[in-house]
Trainee: 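Here it is, the structure, as structure tokens.
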Amino acid sequence: MTSYVECISFCSITGHSASTAVMNGGGAHYYSEEESKQDGGGDTDGGEDSNEQEVIVIQDTGFTVKIQAPGTEPFDLQVSPQEMVQEIHQVLMDREDTCHRTCFSLQLDGNVLDNFAELKSIEGLQEGSLLKVVEEPYTVREARIHVRHIRDLLKSLDPSDAYNGVDCNSLSFLSVFTDGDLGDSGKWKKKGSDLEQIDCTPPEHILPGSKERPLVPLQPQNKEWKPMQCLKVLTMSGWNPPPGNRKMHGDLMYLYMVTVEERHISITASTRGFYLNQSTTYTFNPKPANPSFLSHSLVELLSQISPAFKKNFTVLQKTRVQRHPFERIATPFQVYSWTAPQVDHTMDCVRAEDAYTSRLGYEEHIPGQTRDWNEELQTTRELARKNLPERLLRERAIFKVHSDFAAAATRGSMAVIDGNVMAINPGEETRMQMFIWNNIFFSLGFDVRDHYRELGGDAAAHAAPTNDLNGVRAYGAVDVEGLYTLGTVVVDYRGYRVTAQSIIPGILEREQEQSVIYGSIDFGKTVVSHGKYLELLERTSRPLKVQRHNVLNEKDESVELCSSVECKGIIGNDGRHYILDLLRTFPPDLNFLPVEGEELSPESVRQGFPRQHRHRLACLRQELIEAFVEHRYLLFMKMAALQLMQQKANKESKMATLTENSSPEAAVPALPSTENPDASAKSSETSTETLTDDPKSREVVLNACKAVGSISNTSFDIRFNPDIFSPGVRFPEDSVDDIQKQKQLLKDAAAFLVSCQIPSLVKDCLDHSALPMDGATLTEALHQRGINVRYLGNVLEFVDKTPAKAQLEHFYRIGISEMITRCAKHIFKTYLQGVELSALSAAVSHFLNCFLSSFPDAVAHLPADELVSRRKNRKRRNRVPGGGDNTAWASLTPSELWKNIVSEAQSYYNFTLHCENADQVVEKYGLQKITLLREITIKAGIQILIKEYNFDSRHKLAFTEEDILNIFPVVKHVNPKASDAFHFFQSGQAKVQQGYLKEGCELINEALNLFNNVYGAMHVEICACLRLLARLNYIMGDHHEALSNQQKAVLMSERVLGVEHPNTIQEYMHLALYCFANGQLSTALKLLYRARYLMLMVCGEDHPEMALLDSNIGLVLHGVMEYDLSLRFLENALAINSKYHGPRSLKVALSHHLVARVYESKAEFRSALQHEKEGYTIYKNQVGEAHEKTKESSEYLKYLTQQAVALQRTMNEIYKNGSNASIMPLKFTAPSMASVLEQLNIINGIIFIPLSQKDLENLKAEVQRRQQLQESGKSMEELTVDGPLEALSTVHPTPHQPTVPSTLFNF
């Protein structure tokens, strides 16, 4: 059954209104496989040539039907043949005039339509058919659904679910800043750019140089959110369920309500509808009142009883429908907010009911109540995937089940830690308990039964689940048919780590020893293997770079494996082959695994490795393995080419042909792409096959293979043995050489991380192709290059020794802040385990005080009476994990906490922090307390009250226990990908980079459709797609469309990533540019001010990205003639650019020019000249005198000089002749909007190419020719002619922006 989110796979991309959009999401975009291959999206199933011929054409010819609902005028609805009748139901339940109906059928000519029938299968349904909405009798289930729906409508504008992090609601504040200016379709409601009305003054705390960092503006109050009250109370009556005799009169349930007018009423839900009865709180009288107001819907009934309800409900629904759909659709995974206002707690029957039933997604709709998660997860994997429509259906199902499973697992983990689930082994000590809830198995991250004693005890048990999850992710991505992994979610909540897994059928009835038929349950003492598993795992070994190898079992017999020994194979009762315990999928990281008698390579030793880590499970990341293999492949090709060249030089003969095949030039383009790890191996095999015909060249390949550590002697093939250095694993005698090779390979990989990857990260930060803004984006930058966060200390040391350290200050600061908050999180985790539930808010506030407050002796508040009762009731303590009588947490002091943080940084990151308290950190490293607060609350899942905290008072604590509102789980799970959509997106990006904007645009639109198909309407990848589309719309001159797409991107980024995530900040900046281009000056400024506020909070003012933001703000202010303000921002941008790009960079020259323009407008020509001269000098030195930029600058200097001279003459005249001086009128230029926009485009990396009249005519002719071709039904292949269109749409870099392509499409 399609859920609401899926129905609303918005195709509002096409500019339909929400209602038609809902109707087009049912997956109606199919095309021939050939076409997708043509577009570069068809590499997904490499070897299946049969697919080439398979053509699936289902035309999405939508048609219109008329809908006639009781009490409303008939209206038209656009539908598509692939939809189900069910989806029309959903639309009607969302429409303003029919939203209060839930229990109805749709009838065509008196025949009831089946809810799950596709429209195309219904006889007689065609363009213009009339569908009647017919009210149906209620059942208990239908009545409950009705009440729940009405409650959802009443709460539709209430943000409390988003603050509380429930039902996939999340916050969005864009509409506060656009004041509804951006209409749904990007058309303006108010036109005109009247400069007089614009109030441009930013709040004081946003101005450059302000030290104030307020928290309250983070969540501005939305006027709409103070919704009109329609009802005071709506709840289930205490008289439920109806007694037998009343059931036989059709009573289903009773409701109790209090209207706004303070009228207390009791309502019966019966099969015929809702009516008033005569019961009161204490007397039961189910007879209908007089009048009973019998109505089929609750809204109709209440509208008759309560005038306030009628009036307010109408207004509420109007407002609800006007909101952008992206503000109200559920997100696929829950996003939590770290701040929230004090929300009034209201009576809510549905919430109360949900809290005590395990309502998880589908229960009300499917029989059998709880879901068999394992069956669902595995069945969706087994769906067909031969062609595009099948793959879309499969990926959509996988994604939906995964997001439902993640929600269920999160809810279960919280229930386990809160003590609401009975253990399956209740007799054991609490930390050893395991739980089953809703068909999910839960275990705690402690070392149970000394399982991990050899590997680091509890530290290893805490790291194992995330390693296992990475393994599940890797095997899931390879997606081999017939090999199954468990649904896995890792949840950190209240200091505990919980692993949630789906349950293999039959595993609970068997002993573990019986069921494991592959791998080892005792870390390699007893090892078994199985032919079928070897065959399945062999298919994963190339993409995952795992080497097939032999190990010895306890009887000294050799056993063949194709994974680590811990990886267990179990055949479930359902006959499926499962693998679990994938914690060693990737090879060990020798830098953190000291082994006696083993010497690491000099690069590692120089950096102080190997170092003892907390546990022995430290392994290399998949990204690192792939980068290392790619690096080795380059080496292999170079060596082979070099040797062949030498041979050729020695012996000019038939070798000539070979060198052409693999000269260095020919070799380098054959680089493997990181997207497709197989590519490297395949391309190398082909390149080496040609060589191995001849004995001399065979020797060349052999040498090159040996040199790079390939496991094959005839082709390039690097794989790792994951069992090397595993304690307890022994290898057969005959594989000694092989093991030596593998050990060397691991040492090389560890050295590669420190000698290549860390320097390349720092280099990327120096040239600003990597721009982390906060902890999350820093971690992402590390992970993309395969660097684990445990290397953070080394990265920072490397930065410290870099000559250009000043240009990396922002990076260093974010790194220090990340290290401090991670150390604090480690300490906080164990600190929380010792706190019982009743003291939780006191303990959390005390910890934050010790961490951030300047108050030297933070004392914890222990309410005395609670303390007394706690001591008395020692005996009847309930056994929540770690529910000790702990008041030990209260003795923590700030100096002790900071000592612990410093020693944690030393032991975990091998980095020496010089600080004894929060104030010293702020002073020494230039951090902000508000940033540290944001980082720690997000990492630890704390939600605090949004108010201004005074961290710096030495007399008063910053936090009280009332400020801690909630503790949220921090959840890690697999993110299933939409592979076809992603291929389309990448092809689109590639086309755009080559300058074929129109083709790129088409591909990206296609990707957007496919993403919507798989993910529903909300997803972080859709966000990237919309951002790029908006950029392309803008470049191609369609400003309205750009605005509409960018507005969606901003809303989605706020909803899916968080309101102050660095991506959201960037989306705000893009939107401001498009607003300015559309003449919405005041909105553009508000958006830029918002972006600046968020950036100040996330990373402070000293960051390269701030220069771009300030240039934008300065330019817009210049455009509205606020010259003094404009200068403050532009001069700040100049200072930041000079610091981070060096005083001689082209960016700095541009900054000088922008400042000069403002001075010119102020008629301060001397300052203007000074700045323009600086800019001119930079241009002259960097690009030479002949360059157009240098010439432009020189022209401008002449102009400024003339103006300055004219002004001086005039002044002299006035001094000489006084009031009767004859004054020449001076030119004071207020900048034109066009010139401001031009500069905005330049600094944001968008370059337009001016077209001559002739070009335009050619362009028009080309477009017409294409349209005619399309109309005559020619296929797309014939259309990709490299006509004038491509030539014109090329994006030329300019000296202002040496890296145009990267800034143009920074995804």
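What you see is a predicted model; the values in this text were computed from it and never measured.
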Trainee: How about F399 and H1019: are their ring centres within less than 6.0 Å of each other?
Mentor: yes
Trainee: Would you say P1062 and D774 make side-chain contact, with heavy atoms under 4.5 Å?
Mentor: yes
Trainee: Scan for salt bridge (Lys or Arg N to Asp or Glu O under 4.0 Å) pairs involving residues 817-832, sequence neighbours excluded, and state none if there are none.
Mentor: E818-R822, E818-K939
Trainee: Check whether the ring centres of W898 and F851 lie less than 6.0 Å apart, and answer yes or no.
Mentor: yes
Trainee: Between E376 and R371, is the salt bridge (charged side-chain N to carboxylate O under 4.0 Å, His left out) condition met? List the steps.
Mentor: CA-CA 8 Å; E376 286 192 41; R371 296 168 69 172; 2.8 Å; yes
Trainee: Any side-chain heavy atom of N470 sitting closer than 4.5 Å to one from Y475?
Mentor: no
Trainee: So does D447 pair up with R453, basic N to acidic O under 4.0 Å?
Mentor: no
Trainee: When you compare the side chains of R584 and S563, does any donor N or O come within less than 3.5 Å of an acceptor on the partner?
Mentor: no
Trainee: Do other residues, nucleotides or ligands put more than 12 heavy atoms under 6.0 Å from the NZ atom of K899?
Mentor: no
Trainee: When the aromatic ring centroids of F442 and F435 are compared, is their separation below 6.0 Å?
Mentor: no
Trainee: Find out whether T339 and Q219 are in side-chain contact, i.e. whether some heavy atom of one side chain is under 4.5 Å from a heavy atom of the other.
Mentor: yes
Trainee: Taking salt bridge (Lys or Arg N to Asp or Glu O under 4.0 Å) as the cut-off, I'd like each qualifying pair that reaches into residues 965-976, sequence neighbours left out, listed once.
Mentor: D492-K972
Trainee: According to salt bridge (Lys or Arg N to Asp or Glu O under 4.0 Å), who are the partners of D458, at least two apart in sequence or on a separate chain?
Mentor: R431
Trainee: Give a yes or no answer on whether the side chain of N1063 reaches the backbone of E1054 with a donor-acceptor pair at less than 3.5 Å.
Mentor: no
Trainee: So do K947 and P341 actually touch side chain to side chain, heavy atoms under 4.5 Å?
Mentor: no
Trainee: Looking at every heavy atom in both L444 and I417, which two are closest together, and how far apart are they?
Mentor: CD2-CD1, 3.7 Å
Trainee: Determine whether the side chains of W373 and Q378 contain a donor N or O and an acceptor N or O closer than 3.5 Å.
Mentor: no
Trainee: On the 0 to 90° scale, with breaks at 30° and 60°, tag the H826-Y909 ring pair as parallel, tilted or perpendicular.
Mentor: parallel
Trainee: Any carboxylate oxygen within less than 4.0 angstrom of a Lys/Arg side-chain nitrogen, looking at R494 and E836?
Mentor: no
Trainee: We want to know whether R1055 and T331 form a side-chain donor-acceptor pair, criterion being a heavy-atom distance below 3.5 angstrom.
Mentor: no
Trainee: For the pair F951 and F959, name the ring-plane relationship: parallel under 30°, tilted 30 to 60°, perpendicular over 60°.
Mentor: tilted
Trainee: Determine whether the side chains of S817 and E935 contain a donor N or O and an acceptor N or O closer than 3.5 Å.
Mentor: no
Trainee: Go through the steps to decide whether E904 and R614 satisfy the test salt bridge (charged side-chain N to carboxylate O under 4.0 Å, His left out), and finish with yes or no.
Mentor: CA-CA 11 Å; E904 177 75 4; R614 297 269 155 95; 3.0 Å; yes
